[in-house]
Amino acid sequence: MSTVRSVKSLIPLLDRVLIQRVKSEAKTASGILLPESSVKELNEGKVLAVGPGQLGKDGQRLPMGVQKGDRVLIPSYGGSPVEVGDDVYHVFRDSEIIAKINE
Amino acid sequence: MSTVRSVKSLIPLLDRVLIQRVKSEAKTASGILLPESSVKELNEGKVLAVGPGQLGKDGQRLPMGVQKGDRVLIPSYGGSPVEVGDDVYHVFRDSEIIAKINE
Amino acid sequence: MSTVRSVKSLIPLLDRVLIQRVKSEAKTASGILLPESSVKELNEGKVLAVGPGQLGKDGQRLPMGVQKGDRVLIPSYGGSPVEVGDDVYHVFRDSEIIAKINE
Amino acid sequence: MSTVRSVKSLIPLLDRVLIQRVKSEAKTASGILLPESSVKELNEGKVLAVGPGQLGKDGQRLPMGVQKGDRVLIPSYGGSPVEVGDDVYHVFRDSEIIAKINE
Amino acid sequence: MSTVRSVKSLIPLLDRVLIQRVKSEAKTASGILLPESSVKELNEGKVLAVGPGQLGKDGQRLPMGVQKGDRVLIPSYGGSPVEVGDDVYHVFRDSEIIAKINE
Amino acid sequence: MSTVRSVKSLIPLLDRVLIQRVKSEAKTASGILLPESSVKELNEGKVLAVGPGQLGKDGQRLPMGVQKGDRVLIPSYGGSPVEVGDDVYHVFRDSEIIAKINE
Amino acid sequence: MSTVRSVKSLIPLLDRVLIQRVKSEAKTASGILLPESSVKELNEGKVLAVGPGQLGKDGQRLPMGVQKGDRVLIPSYGGSPVEVGDDVYHVFRDSEIIAKINE
């Protein structure tokens, strides 16, 4: 938990990527409301902010693979949870992001 | 799981390789249908997409060993499953792919 | 424990960051005093001092990601506690700090 | 298992070496047939194919120690089994091969 | 144990730092003598001698962070004990020293 | 086991060293024959063959510390056994050899 | 054990250091003979021989921190025992030696 008021205040360091996980719909396609327990966490997220990149051996920044706004595939495990108010966000290292989703 | 509609939307990052595993035939050569449990997973796959390559120490991209369309031999264990709709795909690192199949 | 009289006397070495953890309010917004046990530790801190940076392979200093006065997000685990009088501070490596908080 | 028809179709990647293990004779020198259980696996093999070599730090290929046709000494443990039809082959990394046999 | 007569004879090698731990007072501020068991070990020490520095990749010496006479903060665990007569000293690597104390 | 006929056919790869362990005498100085169980394995060997050397980062060969014919001190544990006929030889990495014996 | 006749025949390889441990006196200062069990092993030794130095990345030798004849402080654990006749010597890596003793 933190006293952070808005997730927009967070500026990731090094090669970290701040991600908002996509939640599955709480109702079916036909509009029937699903109980909380059947709402699965998805391995998918939206990039809210990225760090400046990992430091290379000569002190230069290594390029990031994703950028703010990207839709991405994330691993099922790993990432550090970050609580802002009632919401939970996740921080991954750039190299942990599996793929960009381009649709 | 994800909300991804088509596996073609996935763009692997770094040296990742998106692979569709080859399933063994559900019937014998003579056409007899086999029960689900006797259909073995094969260590073989088709490359659907490849990342731009791992970052070298100076920030350059290291060349990939396989490319889209390649038939490859994959290890029995490892790789991250990626669900798209009802299908499961696998993501391997380029260096985990054992061999190309050239026939 | 140490005989250090003021936390201001501490000069972190290498890429270490001396952090004062932010404590959650011991009373609610409406002013009701909370029992000690309900005061959660926050993953948030204020940077009191930073080291000169990790040594690169050629002996040069690698740049630090945070500086004195920064508000930062820190991991739930890790960091070395440092007692000065009755207060406990924490020392993290620069690369362990998750994000700066800019508000 | 795989749908590969001939082991000759396999092209090892990086520094991998495809090896056919030498089987001990199933009969004694005097021609007496030995039971299956007394046929020991030998730490010896024939190189069927080699990869282009491991990638060096600058992206160059590091030279391989063995080549196609070599008779080699292999470790008792390790190596990945590769099934082609009813036969099992082994894939080792070039650096795992102990020695060449020159006779 | 050793036959070393004076701690001053010890010349640390590489990036080692010879440290004399600060002991807490065996009496309270008001002069009451404390029993042995209540004398806590402090995470604080005085640098008695430092090595010439770790060897860099090209054989050059990497600079040390502390020097003889420095007051330093040391970790609670780690360090090798060195007995000289009835006294115990500690040897830490330069990179293990947390901070200098400047008061 | 292998079908190798002579240990002289073995050509070690990389920085491997083929060693024939020295056996302790099976009789005492005064000629009394010792039972098999009292014959201790010695940490001593003769170098039968050496590899061309480990590959450096730029693909160059790093120099070997021992050469064919050297008498060497080897560690009590480690090394891979190699059976040729009824004899067992050992393969060590060059860096595992403790010392040369020069007498 | 080995058939080595004199410890002087041993030529350490790489960055190894051959050390003769200093034994504590078997009698007290006043001349009273101590029982064997009260003779403690000391963390102190004399350097009998040193190797040419570890190989750097470009194949050059890295400088050794100690030389033949040095009196040194060694760690309580570690080091490989080497038996020559009835005596036991120890081999340490140069980087394991804690300090030189200069008295």
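Values below: all heavy atoms of this structure, side chains included; hydrogens, waters and symmetry mates excluded. Throughout, protein chains are lettered first and strands after them, A, B, ... in sequence-line order, and every chain is numbered starting at 1.
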Atom of E:A99, atom of C:P12 and distance for their closest heavy-atom approach
CB-CA, 3.8 Å

Could you tell me whether the side chain of C:R5 and the main chain of E:E103 form a donor-acceptor pair under 3.5 Å?
no

In terms of heavy-atom pairs under 4.5 Å with chain C, which of E:I98, E:D94, E:I97 leads?
E:I98

Using heavy atoms and a sub-4.5 Å threshold, report which of residues 64-72 of chain E line up against chain C, by residue number.
E:G65, E:V66, E:R71

Contacting region of E:E96 [heavy-atom separation from chain C under 4.5 Å]:
backbone

For a quick check under 3.5 Å, do E:E44 and C:T3 share a side-chain donor-acceptor pair by atom type?
yes

So if I apply the side chain to side chain contact (heavy atoms under 4.5 Å, CB included) rule between E:L73 and each of C:L18, C:V91, C:L10, which one comes out positive?
C:L10

Rounded to the nearest 0.5 Å, the CD atom of C:E83 sits from the CG atom of E:N43 at a distance of 8.0 Å

What is the distance from atom OG of C:S6 to atom CD1 of E:I101, rounded to the nearest 0.5 Å?
11.5 Å

Under 4.5 Å from any heavy atom of chain C, what part of E:S95 do you find: side chain, backbone, both or neither?
both

